[in-house]
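Whatever order the structure lists them in is the order used to number ligands and atoms, beginning at 1.
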Amino acid sequence: MSTTEIAWLPVGKAGPAPYIGAMNVLGIETSCDETAVAVVNGDGDVLADLVLSQIDEHAPYGGVVPEIAARSHIDHLDPLIGRAMEEANLTWADLDAIAVTAGPGLVGGVIVGLMEAKAIAAAHRLPLVAVNHLEGHALTARLTDGVDFPYLLLLISGGHCQLLIVDGVGRYQRLGTTVDDAVGEAFDKTAKLLGLGFPGGPAVEKAAQGADSTRFSLPRPMLGRDGCDFSFSGLKTAVRHAMETEGPLDDGDRADLAASFQQAIVDTITDRTANAIAMFHAVHPVASTLVVAGGVAANKALRQALEATAEAHAMTLVAPPPRLCTDNAVMIAWAGLERFRLGETDPLDIPARARWPLDPEAAAASAGAKA
Ligand code: KG4
Ligand code: ZN
């Protein structure tokens, strides 16, 4: 859309925003261990994309320490926003909205980002859009691949493992979820058991490369069962048993165990996804897009296997580039933009949320399972 074509449309800073061209949104993400800031415009151009990882600060503890994360966000967020605005070559007056993760996540970190976003919004009279971090992951494929609604979404991250029908912005129907650990959590805990380091997913993937994935016989929890729920805690326990049985492991043993674990995950996820495709087609018989999102979607073995699963069911797999699968602020700016152009903004007293399911009804119905 050219500038002249949109000239007759309202261009106010607040309220409904019915055009998508020339709209600049600043995105802020602080819900876990990445401090991230991005600027995205309504044409889907990424004008700035900065991610400051805290991996080195948390590595000595083998996992993310919430207090360290929150303090580190405080130290780094301000200068990172300054740099993002410089890279985007924009002034505050060029922005149309501020999008910020308001949950779910480590609430101390979420509060840091949300307070900063509220301060900017108040000081520069900009609309605020409070974004669900999971919706950020869920809508990324629309930015990267222009995917249309509806689609089937496999959301696999450090805190979540779900299959959902995505009917529109804010319209999610959860088909299945994990009854215990999230899949990223399983990667992280297994990496810790194997002494492979932190974060676990990339470490397991690296160790598994070229190793024998058939050497250790590990369970495939839920495989072959109806529905598309997941379970991973038994798999992690089986890895521990295998280690105890095997005795002291050398690097080759560790690599084979990592590969066997990764293969068990791949088999489980593809089995559950095949069931979800059938459930999706019962609702949307002709829709054909399977989107995979979240940090674990960066795993190449899993992407390859999902590609085959999609093809076998006449679906097309869309997987955003790994950098936009793991946590980032581009997805927050984009999800904010999607909501903003539907006229949705949030008040400055909106609270941070530790839990915030995409499908609240399904989450309430399965209290105890992860949202
Ligand atoms: O989406 P994300 O960056 O943060 C959350 O919202 O949780 O996901 C982080 C998770 C971690 O558990 C990490 O180990 C996992 O994604 N992960 C991977 C890979 N890269 C990141 N898991 C498997 N293979 C990978 N290559
Ligand atoms: Zn995430």
Legend entry - Distance filter under 4.0 Å to Gly159 heavy atoms, resulting ligand 1 atoms: 7 (O)

Legend entry - Nearest-neighbour protein heavy atom for atom 3 (O) of ligand 1, which is reported as residue plus atom name and distance: Asp327 N, 2.9 Å

Legend entry - Contact check: His137 vs ligand 1, nitrogen or oxygen atoms, below 3.5 angstrom: yes

Legend entry - Check: Arg341 side chain, Met23 main-chain N or O, donor-acceptor pair, under 3.5 Å: no

Inset, instruction - Give the numbers and elements of all ligand 1 atoms closer than 4.0 Å to a heavy atom of Glu205. - result: 24 (N), 25 (C), 26 (N)

Inset, instruction - Please check if any side-chain donor atom of His76 sits under 3.5 Å from a side-chain acceptor atom of Thr35, or the reverse. - result: no

Legend entry - Ligand-residue contact atoms, ligand 1 with Gly184, heavy atoms, under 4.0 Å: 12 (O)

Legend entry - Asp188 N/O to ligand 1 N/O under 3.5 Å: yes

Legend entry - Pro199 N/O to ligand 1 N/O under 3.5 Å: no

Legend entry - Check: Thr91/Asp94 side-chain N/O donor and acceptor closer than 3.5 Å: yes

Inset, instruction - For the pair Asp212 (side chain) and Thr214 (backbone), establish whether a donor and an acceptor sit closer than 3.5 Å, ignoring hydrogens and angles. - result: yes

Legend entry - Greater than 12 external heavy atoms within 6.0 Å of Met243's CE: yes

Inset, instruction - Could you tell me the residue and atom name of the protein heavy atom closest to atom 15 (C) of ligand 1, and the distance to it rounded to 0.1 Å? - result: Val296 CG2, 3.9 Å

Inset, instruction - Pick one of side chain, backbone, both or neither for how His133 approaches ligand 1, counting any non-hydrogen atom pair under 4.0 Å. - result: side chain

Legend entry - salt bridge (Lys or Arg N to Asp or Glu O under 4.0 Å) partners of residues 258-270, not counting sequence neighbours, each pair once: Arg220-Asp267

Inset, instruction - Check which hydrophobic residues are tied to Leu223 through side-chain heavy-atom contacts below 4.5 Å, counting indirect links as well, and list them. - result: none

Legend entry - Nearest-neighbour protein heavy atom for atom 24 (N) of ligand 1, which is reported as residue plus atom name and distance: Asn299 ND2, 3.1 Å

Inset, instruction - State, with a plain yes or no, whether a side-chain heavy atom of Met85 is found less than 4.5 Å away from one of Leu95. - result: yes

Legend entry - Check: Leu175 main-chain N/O paired with Gln173 side-chain donor or acceptor under 3.5 Å: no

Legend entry - Side-chain ion pair, Asp359 and Arg174, N-O less than 4.0 Å: no

Inset, instruction - For atom 21 (C) of ligand 1, grab the closest protein heavy atom and report residue, atom and distance to one decimal in Å. - result: Gly295 O, 3.4 Å

Inset, instruction - Report, as a single number, the protein N, O or S atoms less than 2.8 Å from the Zn ion (ligand 2). - result: 3

Inset, instruction - State which residues pass side-chain contact (heavy atoms from CB on, under 4.5 Å) with Glu86; sequence neighbours excluded, sorted by chain then number. - result: none

Legend entry - Asn24 backbone acceptor or donor facing Asn41 side chain under 3.5 Å: no

Legend entry - Gly201, any N or O under 3.5 Å of ligand 1 N or O: yes

Inset, instruction - Give yes if a backbone or side-chain nitrogen or oxygen of Gly158 is under 3.5 Å from a nitrogen or oxygen of ligand 1, and no if not. - result: yes

